[in-house]
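Working notes, structure below.
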Amino acid sequence: MAHSSAALTPILKDELDIVIPTIRNLDFLEMWRPFFQSYHLIIVQDGDPSKKINVPEGFDYELYNRNDINRILGPKASCISFKDSACRCFGYMVSKKKYIYTIDDDCFVAKDPSGKEINALEQHIKNLLSPSTPFFFNTLYDPYQEGADFVRGYPFSLREGAPTAISHGLWLNIPDYDAPTQLVKPRERNTRYVDAVLTIPKGTLFPMCGMNLGFNRELIGPAMYFGLMGDGQPIGRYDDMWAGWCCKVICDHLGWGVKTGLPYIWHSKASNPFVNLKKEYKGIYWQEELIPFFQSVTLPKECTSVQKCYIAISEQVKDKLGKVDPYFVKLADAMVTWIEAWDELNPAGDAAAEVSNGPAKA
């Protein structure tokens, strides 16, 4: 039986871009066709720009390779990673839409426990369009979901919630593990489908995975910088983590929420743990300093826009993490370059809008 929703206009069809980083033909889009075909795609081609990438017919897309990035950003293109999926954040910058959904090309459509295909994009949109509860935890998870509510003892003054900036989805099959965990548990697969969406509490950091991620570009876009990774850099596989830590600190400061949980995608293949270890090994010990750093970042009241917050974080990165390794001095400079490039491509846009009432008091 056809679902009546299929006949309806897809939600936010003209307000959302799907950003996909890739080095290969995008055959995986075939299975996503029923869910993605109505939306505009931004494909960021990594690696050799002369390689031709095939996109299945019938999709509305624009494709950018390294030559395009250099042409559009000029010298500021130095802030966009090469030979690393971190290049996807270029797509966030050139988008003109309010929302972004980003997905990796090895992520397939998952099925829920009843065997029904999961429309991941639709669930991300639901997460983003409903408020979050960062200031007080609701034990029944997301109170705005159908069939749930605020539990007894939840303050009525906080039930309006906060705007949702980020929707972080999960993965069935291959879990997002680091190399040491992959090496110890090479055959582990995630089969656990948990039907829940949680708001990550204020003051709590989390590891943000970029392979199944939705966000409100107008709110948090300028902080979604995936750092300097890959070619010529001492580290990889921390691009989304870096963005997540910066975004969470800024969301906490400005009073916005981050959700994690549904939707699931099917992550089809594990990357090579030995290659991953090589990319990650500096990050694995650096993160023991990075986490206390982000836990102690303070943003002054004058930081009323994401850009101001981000520049303030970059100054603290240079000052404090620069002592850990010279890489962080380079990264701090790239963070500033990223904001300059963002503002050039998005002049006096929505993202630069000051938060009218300043940081949240809660």
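None of the values given here were measured: they were computed from a predicted structure.
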is_close_aromatic([X], [Y]), centroid dist under 6.0 Å:
X      : Y      : result
Tyr61  : His40  : no
Tyr327 : Trp286 : yes
Phe59  : Phe36  : no

Which residues pass the side chain to side chain contact (heavy atoms under 4.5 Å, CB included) test with Asp176, not counting sequence neighbours?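 For Asp176, the residues satisfying side chain to side chain contact (heavy atoms under 4.5 Å, CB included) (neighbours in sequence not counted) are Trp171, Cys209, Met211, Met241.
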
Candidates Phe226, Tyr225, Trp242 - the one meeting ring-ring contact (aromatic ring centres under 6.0 Å, His included) with Trp338: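 Only one of Phe226, Tyr225, Trp242 forms a ring-ring contact (aromatic ring centres under 6.0 Å, His included) with Trp338, namely Tyr225.
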
Would you confirm whether Asp149, through its side chain, and Pro143, through its main-chain N or O, come within 3.5 Å as a donor-acceptor pair?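 Flag not set: sc Asp149 to bb Pro143 has no pair under 3.5 Å.
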
Side-chain (Asp142) to main-chain (Thr199) donor-acceptor, under 3.5 angstrom: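 No, because the side chain of Asp142 does not come within donor-acceptor range (under 3.5 Å) of the backbone of Thr199.
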
By ring pair (Phe, Tyr, Trp, His ring centres under 6.0 Å) - contacts of Tyr99 (at least two apart):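 Listed in chain order: nothing, the list is empty.
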
So that I can tick it off, tell me whether Asp46 and Lys83 are bridged by a salt bridge, with the cut-off set at under 4.0 angstrom between side-chain N and carboxylate O.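 Salt bridge: no.
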
Looking at Asp333 and Lys318, does any basic side-chain N land under 4.0 Å from a carboxylate oxygen?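 Salt bridge present between Asp333 and Lys318.
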
Around Lys96, counting heavy atoms of other residues, nucleotides and ligands shown, do more than 12 lie under 6.0 Å from its NZ?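 For Lys96, atom NZ is crowded (more than 12 foreign heavy atoms under 6.0 Å).
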
ILVMFWY cluster, Tyr64 and Leu41 together (side-chain gap under 4.5 Å):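 No, Tyr64 and Leu41 fall in different hydrophobic clusters.
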
In the hydrophobic cluster built from side-chain contacts under 4.5 Å, what are the other members alongside Tyr141?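 Via sub-4.5 Å side-chain contacts, Tyr141 links to Phe137, Leu198.
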
